[in-house]
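See below for the structure under consideration.
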Number of protein chains: 2
Amino acid sequence: MDGATEDKSDLSAKIAADIRDSIVSGKLIVDERLPSEAELAEDFGVSRPTVREALKRLAAQSLIRTRRGAMGGAFVNRLSFEEAYGQQITTSTLLLSMNEVDFETACEARFALERACAPLSAQRRSADHLATMRAEVHRQSQPGLSDESFCASDVAFHRALVDGAGNPVLSYQLAGAVEAMQPLMNMITFTARSREVIVALHAGLADALEARDGAGVDGRLIELADYTVALYNRLRQARHAPKAAPEA
Amino acid sequence: MDGATEDKSDLSAKIAADIRDSIVSGKLIVDERLPSEAELAEDFGVSRPTVREALKRLAAQSLIRTRRGAMGGAFVNRLSFEEAYGQQITTSTLLLSMNEVDFETACEARFALERACAPLSAQRRSADHLATMRAEVHRQSQPGLSDESFCASDVAFHRALVDGAGNPVLSYQLAGAVEAMQPLMNMITFTARSREVIVALHAGLADALEARDGAGVDGRLIELADYTVALYNRLRQARHAPKAAPEA
DNA sequence: AGAACTTTAAATGTCTGACAAATGGATTTT
DNA sequence: AAAATCCATTTGTCAGACATTTAAAGTTCT
């Protein structure tokens, strides 16, 4: 899974992989207590520090949690959607920033996924989701807002849209795609004009959601995707040829 | 991110979070070497085992890699899509199996996401992708195939479809959704008849992909989603009321 | 008998110090 | 100059110890 099954040394990786397999395969069930570190050391024929390193690896993936004291120990953790969100976002963010994924590719993926949620959200969104979206639209239209806050509000808006589909698996998957884009979006300096356009599109999205108009939502998302890419490209050109443009 | 920023003790978690932040924020760049364990211990005012536990946490997330010997040490790892796939799949699989996500919800998410790729794949799929899909369809139609192999081939087929979109971000996201479903799919005992239906739908998908018929692909995917859920529900009913039928 | 306090055992968290093994560079030998 | 050797650096592993936390068992007082 994480390159742990190397044949070289690195006992802690092998032990971690071993225990991880037991969890994934269901041999160890949720909330079950693992043997104590001393027992594990005995079982695997290694020292306690090595066992501890293995357990920390698992803890980093939220596969186990530990408690001190009598009746303490390491327990198989029920992986919650909340915990998974965090890891998903970290991983997605790093993937984009480290692999020179171009803006168009990331944007295409993000909006393709979001469009997958759109019809479901149009069908099922609650009044709460709609209210959240309206509130974020309102915040976005306030003049004094910093670029970071604008982007954060943008993320909150789209998460509400996605959550409206009422499918936690979709929300989880989309969390990565939407949040991982934020650092890229933060690179864009939003002019008053571009904010105006985006806010209008967001308002249109909320309207379509309110009317439970799936096709309308889809259309607005396409517009938003196109506009976002166009905005990025304009910025890119301005940066790469900063002296050629001014007089035009 | 992973609950590491607790105020309690657990120094290794805090140190891991600290270094992770440096990586995510870009303060530490790809392939940069971290200070040696001894130096980190000095810097953070802890012992070497504690530093090591922190580093193992990061290694478990593929954020760093380590090398022994002179000029060795811990290096910021360029998170590859391959590595991210693995983690994504582990996480997604556990999320589904541990949280009583019902089959319909998982299935809905999976096919919604796949449908998001469909038009792109119809437009861009290479001959290679098509050939892979054809080969898997052929394998699936062989009579002696075990249920596990059938499911594995199913996954390979759908991954080829998704990869056809030529967007690594989408492929990464979908990898989780598609592969995580496999344990659930493995619960289904595929009769000869149901395999026939599925193979036919797969063949239809390949045909539509070949014709670059986005709408056709979409339609087939919807059929496949519906059929899969129906298959599961039939099985479910047969299991929940197994005594109602025999004497009748 | 019951409630409040104390003791105790089990477990993780942390530290110290040590040795093994790998690795690249410097040094010596051929 | 090439090959072999040595050496410093760094991670991997181990052993043993102490600190801290926690829940349960035991004790004392009412």
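Side-chain atoms are counted along with the backbone in the values below, which use heavy atoms only and exclude waters and symmetry mates. Bear in mind that the values here come from a model prediction, so they are computed numbers and not experimental data. Letters A, B, ... mirror the listed sequences (proteins, then strands); counts begin at 1.
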Heavy-atom protein contacts under 4.0 Å, nucleotides 9-16 of chain C, coded B base, S sugar-phosphate only, - none
-BSBBBBB
Does Y85(A) have R159(A) sitting over its ring (NZ/CZ under 6.0 Å from centre, angle to axis within 45°)?
yes
Can you label the angle between the H202(B) ring and the F157(B) ring as parallel, tilted or perpendicular, going by 30° and 60°?
parallel
side-chain hydrogen bond (donor to acceptor under 3.5 Å, both in side chains) partners for S22(B), two or more places apart
none
Run Q87(A) and T90(A) through side chain to side chain donor-acceptor pair (under 3.5 Å) and show every step you take.
CA-CA 5 Å; Q87(A) 296 186 210; T90(A) 305; over 6 Å; no
Indicate yes or no: at least one non-hydrogen side-chain atom of L184(A) is less than 4.5 angstrom from one of Y232(A).
no
Would you mind reading off the distance between F44(A) atom CZ and dT13(D) atom P, rounded to a whole angstrom?
14 Å
